[in-house]
Every structure is written in structure tokens, then in C-alpha cells.
2 protein chains.
Amino acid sequence: MSSPRLTADARRQQILDVAIDEFGRSGYFGTSMNDIAEAAGVTKPVLYQHFDSKADLYRALLDEVGTRLLETIAKATTDAADGRERTERGFAAYFGWVADHHLEFTLLFGGSARQEGEFAAQIRRINEAAATAIAGLIDVDLDPAHRETIAHGLVGLAEGASRRLVGAGESFDPDEIARVVSQLAWAGLRAVDRERR
Amino acid sequence: MSSPRLTADARRQQILDVAIDEFGRSGYFGTSMNDIAEAAGVTKPVLYQHFDSKADLYRALLDEVGTRLLETIAKATTDAADGRERTERGFAAYFGWVADHHLEFTLLFGGSARQEGEFAAQIRRINEAAATAIAGLIDVDLDPAHRETIAHGLVGLAEGASRRLVGAGESFDPDEIARVVSQLAWAGLRAVDRERR
DNA sequence: CTCATGAGTTACCGAAGGGTAACCGATCGT
DNA sequence: ACGATCGGTTACCCTTCGGTAACTCATGAG
């Protein structure tokens, strides 16, 4: 399985691609640099020509995948008419991404990264970005702390649903899920609003 | 810091207590058996007199903590009048538990366990139990698959909110959070119901 | 007093794995 | 044709860490 020679850039990208697979399947600690090298059809030192360390490679991966996810959602929500539509499109983009990128989802939210302080911050950054966006849509009379908590809760709502969908293995219709979830979220928020005012 | 001699049972329990701390703080792979032994004021072989392996110790921990969480929730919800009340009490019990057990929360949901297949199943078991309980409360006209997905979403809702609360470090009023969250969940579900029927 | 019980220690093994030094050989510009 | 470049390999080091064999020593029963 010896791969042909590649240019530095191509090899770097290939390593990243392969690493998503390996880390996604087995987690950070369950994957050795040898595993990745082998999967890339190459030997270990090659990895170190492109990345300073295992942690560095993983960081680069989280960054790339996380950025892509956020961009996907951002792109889908820019030209929405109102908050309601923005919410639904945001969820649709998110679930669509999950449906097409099981391994990436596992990488980000499967857990390996959540704990180890070093990477936890990076995952939090993504969560935070999503939550902040959602918090901006919450037109509800709540003190900021509660609003933040609810926003994170809604991010968790999407994450929890996705975990189940990905875990089940079957494919699913992201738009349909998004409709139900955003319906739930939106109506839920209105109810909280009514009770509070 | 040499501890006095303890009976086998007491030592075993102390190890479990100490291990929650260590694993909760640094994760499964970030914690060595030596770390735990040292924190317990004892040497490594003592750990192996009580647990077959590191994995075994961790399993026992997840089991104990998970069972306690589920029991707490179960106890709080048994004598509820209707679904609505059951939901609110369930969330209140959950958030109360989180408020008092930051490290346990991190242990279960901080992520270390989610990935590694061996422990992932155990965490899933807990999630599943919670989701099943919630699914039973969802009196909504949805096909079972969607109902399951929503139930997992609601579990994620609580998890996401908790993650933010625990991460912020400040203390919070679990009952207040529970009121808002269950208000959101309940009204959200009703809305989904209305649209679907 | 003494001896069995069992909690606890010291000192070690072996494997895994991150990381590196030194070398190789295909390719391409001149 | 030739030499510099650079993608790639072999072989290795060294630390960490899970796990264990063999010993020590306090304690309580008789």
C-alpha cells in the first residue's frame, strides 16, 4: 500500500484527511501516530515534517473541521428574513453537515477533545460561537446569564439529537429534523418569554 | 501524607472517592494509576488489590456515579401528578445534582468516556435511560424514530446547559434553571404536536 | 509470647508510543 | 550527465505507564 510521492502540500492535506478518519474512529488516545502514518501509506517521520507534534496535528484538525462547520452554518443563515427563518436554516445546515460528516461530528463532539484542557478550549470556542449566535436570536426577557445558559442548552439540543442520529447509523433527512427541532426551540422560547414578561 | 491503615472496604471506597476527583479533573488518559494512588496516600499495588485494572476501576466509577444520578432523578419523579410536573421535577433533580457534583458531571459528560468504545457503551446506557424516560413523556404524534431523536435532543438540552453552568464555575439555582428549561421543553413539544396532528 | 492474617511497600518488568538522527534515492534544472 | 533538492525510509532512543512478584510489618486471637 505504498502511495506515490506527493508534493508537500498534497501530502499535508492527505494526512489531514486520513487523520480525521483515524481520530474520528478511535479518538485521540486510541490513535497512534503510526496508525495515521500507516493509513496514509507513509512512515512516521513524514508526519513530523508537516506537524510539530501529535497535539499540533490534532489542533489543526479541530481547527479545520470546526471552522468549516461554523462557516457552513454562517453561510446558510446570512440571507434569512427573520429570526425564525434564521433558526430553521441554521439547524438545517447543522444537521445537513452532521448527516454528511459522521466522522467529523464524532471528532468534534464524540468526546475525546472535550476533556483534555488543551483541546477543550478549542471545542468550547466552537460551542461558544454557536451559542452566541443563538443567544442573539433569543428575543426573550431574560437576564443575560440565563439567556446564555439557554443558548448553550439549544446547542446541546442539536448535539444530543445528532448523537442519536449518528449513533443509530441510519441515514436521515436533515431538513425534516431541522423543522421539528427548530419548531420546538422557537415555540419553547416564546413560551419562556410569555411566562417571564 | 501517609494515611493510616484502613479496612479493605473503607480503602476501596476511599479509592473510588479519590478517583472521581482525579479522573474528573484530568480525564481517563490524563490520569495515571500512580496519580490516583498518590492522591489516596497509598502505593499502586494497593489499587490492584481492589480493582483488576485501570479500566475496571473506571468502569466501577462510571457505574456508581451513573447509577446514583439516575436514582436521584427517578426518586424525584415518582410521585409527580402529571407529565408536566414529572418533567419539571426531573430537570430540577438533574440540575440539582449537577450543581452539587461538578466533578461527577465532568466525569460522565466531560467527554473522556464518550469516545473509547469500551466506556462509550456505559455512557450511552445512561443517556439512553434518561432519553427513554423522557420519550415516555412525549405525548406527541411522531413516528418512534423522531420521538427518540427528540428525546435525545432534550437530554442534550440539559447537558448543554449544564456544561455551560459548570464551565462558568459560579453557583446557580437549579430550580430556577429547571423551571425555564422545562417550560421551554414542554411548550416546545406541544408546538411540535400541534403542527403535526 | 507467638504466629497467622492481611494491609501496604519496594523494586521491578515489558510494551507502547511520541519523537528524532541519519541516511536514501527519485526527480528536475542546468 | 550531474549535483542539489526534497520526499521518504530505517532504525533507534527514551519516557511513561499499566501491571506484578516478593517482601515487610502492624495487629489481634489464642
Side-chain angles (χ1 to χ4, degrees), chain A residues 1-62 107 112-113 115-119, chain B residues 1-62 107 112-113 115-119:
Chain A
M1 180 55 80
S2 84
S3 59
R5 299 183 114 215
L6 294 182
T7 67
D9 281 2
R11 182 64 76 194
R12 184 190 153 95
Q13 193 52 53
Q14 186 225 7
I15 290 171
L16 283 171
D17 290 344
V18 158
I20 289 178
D21 258 58
E22 297 296 310
F23 282 132
R25 241 186 279 285
S26 313
Y28 183 70
F29 294 101
T31 305
S32 75
M33 289 300 263
N34 259 326
D35 292 339
I36 296 172
E38 195 175 346
V42 112
T43 56
K44 217 175 9 166
V46 173
L47 304 185
Y48 288 93
Q49 286 169 7
H50 297 280
F51 303 94
D52 287 346
S53 65
K54 185 184 183 182
D56 184 47
L57 167 57
Y58 199 67
R59 247 190 312 271
L61 224 56
L62 289 181
L107 187 75
S112 244
Q115 190 95 324
E116 305 306 308
E118 169 153 29
F119 307 123
Chain B
M1 179 55 79
S2 83
S3 60
R5 300 183 118 216
L6 294 182
T7 66
D9 282 1
R11 183 63 79 192
R12 184 192 153 94
Q13 193 53 52
Q14 186 226 7
I15 290 171
L16 283 171
D17 291 345
V18 158
I20 290 179
D21 259 58
E22 298 295 310
F23 282 133
R25 240 186 280 285
S26 312
Y28 182 71
F29 294 100
T31 306
S32 74
M33 289 300 262
N34 258 327
D35 292 338
I36 296 172
E38 195 174 346
V42 111
T43 55
K44 215 174 13 163
V46 173
L47 304 185
Y48 287 93
Q49 285 170 6
H50 297 280
F51 303 94
D52 287 345
S53 65
K54 185 184 184 182
D56 185 46
L57 167 56
Y58 199 68
R59 246 191 312 270
L61 223 57
L62 289 181
L107 187 75
S112 243
Q115 191 95 323
E116 305 305 308
E118 170 153 28
F119 308 122

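Side-chain atoms are counted along with the backbone in the values below, which use heavy atoms only and exclude waters and symmetry mates.
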Whole-Å distance separating the [atom1] atom of [X] from the [atom2] atom of [N]:
X       : N      : atom1 : atom2 : value
B:Leu57 : D:dG18 : CG    : C1'   : 13 Å
A:His50 : D:dT9  : NE2   : P     : 11 Å
B:Phe51 : D:dT20 : CZ    : P     : 15 Å
B:Ile36 : D:dC17 : CD1   : C1'   : 12 Å
A:Asp9  : D:dC6  : CG    : P     : 13 Å
B:Lys54 : D:dT16 : NZ    : C1'   : 11 Å
B:Leu6  : C:dG6  : CG    : P     : 16 Å
B:Asn34 : D:dT20 : CG    : P     : 15 Å

Q: For A:Thr43, report the nucleic acid contact type (base, sugar-phosphate, nothing); a contact means any heavy atom under 4.0 Å.
A: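 Result for A:Thr43 = base.
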(Q) Mind checking if B:Ser53 touches a base, just sugar-phosphate, or nothing, with heavy atoms under 4.0 Å? (A)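 Counting heavy atoms under 4.0 Å across all strands, the contact made by B:Ser53 is with sugar-phosphate only.
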(Q) Pair B:Leu62, B:Tyr28 - check side-chain contact (heavy atoms from CB on, under 4.5 Å), show working. (A) CA-CA 11 Å; B:Leu62 289 181; B:Tyr28 182 71; over 6 Å; no
(Q) Taking the nucleotide of DNA chain D with the nearest heavy atom to each, does B:Gly30 or B:Asp52 sit closer to the 5' end? (A)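 Here B:Gly30 is the residue nearer the 5' end.
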Q) Which atom pair, heavy atoms only, marks the closest approach of A:Ala39 to A:Val18? A)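 Taking A:Ala39 first and A:Val18 second, the nearest heavy atoms are CB-CG1, 3.5 Å.
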Q.
As a quick check of understanding, evaluate side-chain contact (heavy atoms from CB on, under 4.5 Å) for A:Tyr48 and A:Asp56, giving each step before the final call.
A. CA-CA 10 Å; A:Tyr48 288 93; A:Asp56 184 47; over 6 Å; no
Q) Does the base of D:dG8 carry an N or O that pairs as donor and acceptor with the side chain of A:Arg5 under 3.5 Å? A)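 Donor-acceptor pair under 3.5 Å: no.
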Q) Of A:Lys44 and B:Gln49, whose nearest nucleotide on DNA chain C comes first from the 5' end? A)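 The 5'-side residue here is B:Gln49.
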(Q) Checking contacts here: which listed nucleotide (D:dG8, D:dA21, D:dC17) is nearest the side-chain heavy atoms of B:Pro45? (A)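 For the B:Pro45 side chain, the nearest candidate turns out to be D:dA21.
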Q.
Can you tell me which nucleotide in C:dG8, C:dT20, D:dG7 comes closest to the side chain of B:Val46?
A.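 Closest of the options to the side chain of B:Val46: C:dG8.
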Q: Supply the atom-to-atom distance A:Ile20 CD1 to A:Ile15 CD1, rounded to the nearest 0.5 angstrom.
A: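 That separation rounds to 12.5 Å.
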**Q.** C:dG8 OP1/OP2 closer than 4.0 Å to side-chain N/O of B:Arg11
**A.**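 Checking B:Arg11 against C:dG8: at least one side-chain N or O falls below 4.0 Å of OP1 or OP2.
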Q.
Can a donor-acceptor pair be found, under 3.5 Å and without considering hydrogens, that links the side chain of A:Asp35 to the backbone of A:Ser32?
A.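 Flag set: sc A:Asp35 to bb A:Ser32 pair under 3.5 Å.
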